[in-house]
Number of protein chains: 2
Amino acid sequence: MQKQPTIRDVAQAAGVSVAVVSRVLNPGSGPVAAATRSRVNDVMKNLGYHPRTAARELKYGPPTTLGLLLADVSNPFFARLADQVVQEAHSRGIQVLLMTTQEDDQLESERLGTLIERRVSGIIATPTGNNVAIWKQLQDLGTDVVFVDRSIPSLPEVDVVSIDNFESARSATALLAAHGHRRIGIISGPASSTTGRDRIAGYRQAMEAAGLEQDELLIRHAAFRGPAGGDAASALLSIEDPPTALVVANTAQVTEVLRRLSHAGIDIPGTLSVIVFDDSPWTELMTPALTIVRQPIDLLARHSVQLALANTQGKSSGKPTVIRVAAELVERSSVARLQFSK
Amino acid sequence: MQKQPTIRDVAQAAGVSVAVVSRVLNPGSGPVAAATRSRVNDVMKNLGYHPRTAARELKYGPPTTLGLLLADVSNPFFARLADQVVQEAHSRGIQVLLMTTQEDDQLESERLGTLIERRVSGIIATPTGNNVAIWKQLQDLGTDVVFVDRSIPSLPEVDVVSIDNFESARSATALLAAHGHRRIGIISGPASSTTGRDRIAGYRQAMEAAGLEQDELLIRHAAFRGPAGGDAASALLSIEDPPTALVVANTAQVTEVLRRLSHAGIDIPGTLSVIVFDDSPWTELMTPALTIVRQPIDLLARHSVQLALANTQGKSSGKPTVIRVAAELVERSSVARLQFSK
DNA sequence: AAATAAAAGTGTACCGGTTCCACTTATTTT
DNA sequence: AAAATAAGTGGAACCGGTACACTTTTATTT
């Protein structure tokens, strides 16, 4: 392990002052003779010099790091989001500190503490819904906070990027209704989440528009984690007059719900038609290929990163920005046309 | 946006020196009277003070950040790895800087540059295979480098954590042979990768042990990214005497290969038996449920993090550590028993 | 050729913590 | 009661860059 050269070592070796080396390091910060510049560059290469980000950050807490706080990354939806966010950030020279909450507000609060100490310029997060005080503090500190996929109603001043949950659920439900389904179930996120509520609202509107009876038994909320999703699916199937179609609108639990359906030996779409909120590659590989609501993850990522860096670039507009991108209903083979039997 | 209080603000407000505040901040670094401690703590809370990591890092480049450099995170295997690494790191109070290379060595080199400037204490990476000089430099600088899943033969002094690729491929192939298959194909990673080579070697050994003819046409290498995986699958199926069984041993391209098989209308396991290296949840949901080689991602993550922090903790043992964890062959329904027809 | 302007380069305070060392004030030891 | 030891606190240098104010060199103008 060699001792790390500093800017002063470089300056001395090149026979110039540290100020000049700093200028070479930051083009545009001041004039440097071409000959000097190349000499300094040579010395830096020979010495294996690399400026330390920590030292640079000390002067002005710079917009070079961004926090990405997700529920977990094993979920394909979040994984793809993380992938896109990282790519988008990298393309702007920004680094990403990845953290997970496991939907645990205690863990979330710890992570937020770390992000504060690191003075990240922005945070992109899927909030658990608690820790409102800390989120507020973060904003007061000048950190750009962006909620993605979900939001917290009691924090209306935070930027939000998500799909149009209402419209997505509405159109998915409408599609099922148009195929003759009258008993349509929906499994959505917790009622405390905006995501969950909006999707249910869209579902209701579609049911009403189709003139279908709204049975509260057909509406299920499931927590983002744990067995709740599977339980909801099982419960839905065991009611007296079970649904012939199901919208799985809890993005985080799609796999869990499908596993339960599969184990129950449900024939899709024979017994049950299904539309899910998840556009993972494998939804196409299943038998039958699943009809899905495709979330434009790249757009979610791009807008999130943009907003998370907005204030930094002086583009802060007093009001919080809410971006709703359109989701796409991709029809495949998991929805059956129901014959009129009654 | 409020101005951020510094340690001096706290000191002044509490009527003590900065040294005392620092001691309160770092318990064990020196004596502080209980009364003073609580007074300082109160002031910190009132002022909303949070120490800046950047300033702290300046003194001693500390082991508080770890770089995770993956090919991409949209791939479920890497996503789950990232998830576990982050959890493991968090449990040790370490933060994770996530980066992706897209398997592009140019991008990789840029990312490595950033990691050097940040003086991360350790790096966990799936290397592209190039940039050997930079990896060496990283190590000289005292950074703990750990390759996970793959390695680079020309860098034997780097720690490696992976599954036992040879044995995994051998046992998967042996299972197929035991089911009466004689024409067994394999799609593995590029020949330049250790992963790819080891798996092929395991395959060869199993073929030989079973007394089966080794046809080079049955062995395909596919790059980790791009359409190569799918092309390899198509090519395999169109040879004169096509395989009746296939080992998809290119973890990164499993989905791509399966998609191609699905589109080609191949009946699994009727026409083709399949074993894949991927234990994503959805492999169980497919029809038929896929027989898989399950990689213990949690173990890979745990060992990686441990090694990446080893030197920091003074546990550096001159020699590089190579950890091979056992993978598990999970039999499900995608392998058919072949009747002897010849 | 003198005057003026622009370019190149230097010295040093500063960012916000940490830590060594010196110093003062209790507490023990003999 | 004097000396030795420990506890509590403060002063200031330091980490490695950045940037401002200023001096020196070179180029341009008339």
Side-chain angles (χ1 to χ4, degrees), chain A residues 2-41 43-44 47-65 114 116-121 141-142, chain B residues 2-41 43-44 47-65 114 116-121 141-142:
Chain A
Q2 60 199 49
K3 64 276 170 207
Q4 310 258 33
T6 75
I7 197 173
R8 288 167 227 273
D9 296 327
V10 174
Q12 185 167 16
V16 296
S17 70
V18 293
V20 171
V21 179
S22 178
R23 287 194 194 142
V24 172
L25 246 28
N26 307 58
S29 63
V32 183
T36 310
R37 178 184 308 279
S38 73
R39 182 154 42 92
V40 170
N41 277 321
V43 170
M44 293 199 296
L47 261 49
Y49 169 77
H50 296 276
R52 282 185 59 166
T53 307
R56 187 174 287 170
E57 286 200 347
L58 194 49
K59 196 93 182 181
Y60 308 103
T64 178
T65 311
T114 314
I116 290 180
E117 296 189 352
R118 298 241 170 184
R119 300 291 193 276
V120 294
S121 51
L141 255 35
Chain B
Q2 60 198 50
K3 64 280 172 204
Q4 311 257 31
T6 75
I7 197 174
R8 288 168 227 273
D9 297 326
V10 175
Q12 186 167 15
V16 296
S17 71
V18 294
V20 172
V21 179
S22 178
R23 289 197 198 110
V24 173
L25 246 28
N26 307 60
S29 63
V32 183
T36 311
R37 179 184 307 279
S38 73
R39 182 154 42 92
V40 170
N41 276 320
V43 170
M44 292 199 295
L47 261 49
Y49 170 75
H50 296 276
R52 282 186 58 167
T53 307
R56 186 174 288 170
E57 286 199 347
L58 194 49
K59 197 93 184 184
Y60 309 102
T64 178
T65 311
T114 327
I116 290 180
E117 296 189 352
R118 297 241 170 185
R119 300 291 193 276
V120 294
S121 51
L141 254 35

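None of these values were measured; they are calculated from a predicted model. Just so it is clear: chains get the letters A, B, ... in the order the sequence lines come, proteins before strands, and each one is counted from 1.
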message: I'd like to check the side chain to side chain contact (heavy atoms under 4.5 Å, CB included) partners of Arg23(A); sequence neighbours left out, ordered by chain and number.
response: Ser29(A), Pro31(A), Val32(A)

field: Nearest-angstrom distance from the residue atom CD of Glu117(B) to P of dG16(D)
entry: 15 Å

message: I'd like to compare against my own output: the B/S/- annotation of nucleotides 12-22 of chain C with a strict under-4.0 Å heavy-atom distance to protein.
response: B-BBBBBB---

message: Is it the case that atom CD in Gln12(A) sees more than 12 heavy atoms from other parts of the structure closer than 6.0 Å?
response: no

- prompt: side-chain contact (heavy atoms from CB on, under 4.5 Å) between Thr64(B) and Arg56(B): does it pass, once the steps are laid out?
  reply: CA-CA 11 Å; Thr64(B) 178; Arg56(B) 186 174 288 170; over 6 Å; no

task: Specify the angle, to 10°, made by the local axes at the two ends of the helix from dA1(C)-dT30(D) to dT30(C)-dA1(D) when five pairs are taken at each end.
output: 30°

message: Can you give me the closest heavy-atom contact between Leu25(B) and Pro51(B), atom names plus distance?
response: CD2-CB, 4.2 Å

Separation of Thr65(B) OG1 from Arg119(B) CZ (nearest 0.5 Å): 13.0 Å

- prompt: How many angstroms lie between atom CD of Glu57(B) and atom CZ of Arg118(B), to the nearest 0.5 angstrom?
  reply: 9.0 Å

message: Apply side-chain contact (heavy atoms from CB on, under 4.5 Å) to residues His50(B) and Gln4(B) and explain how you reach the verdict.
response: CA-CA 8 Å; His50(B) 296 276; Gln4(B) 311 257 31; over 6 Å; no

field: Side-chain heavy-atom pair Asn41(B), Met44(B) within 4.5 angstrom cut-off
entry: yes

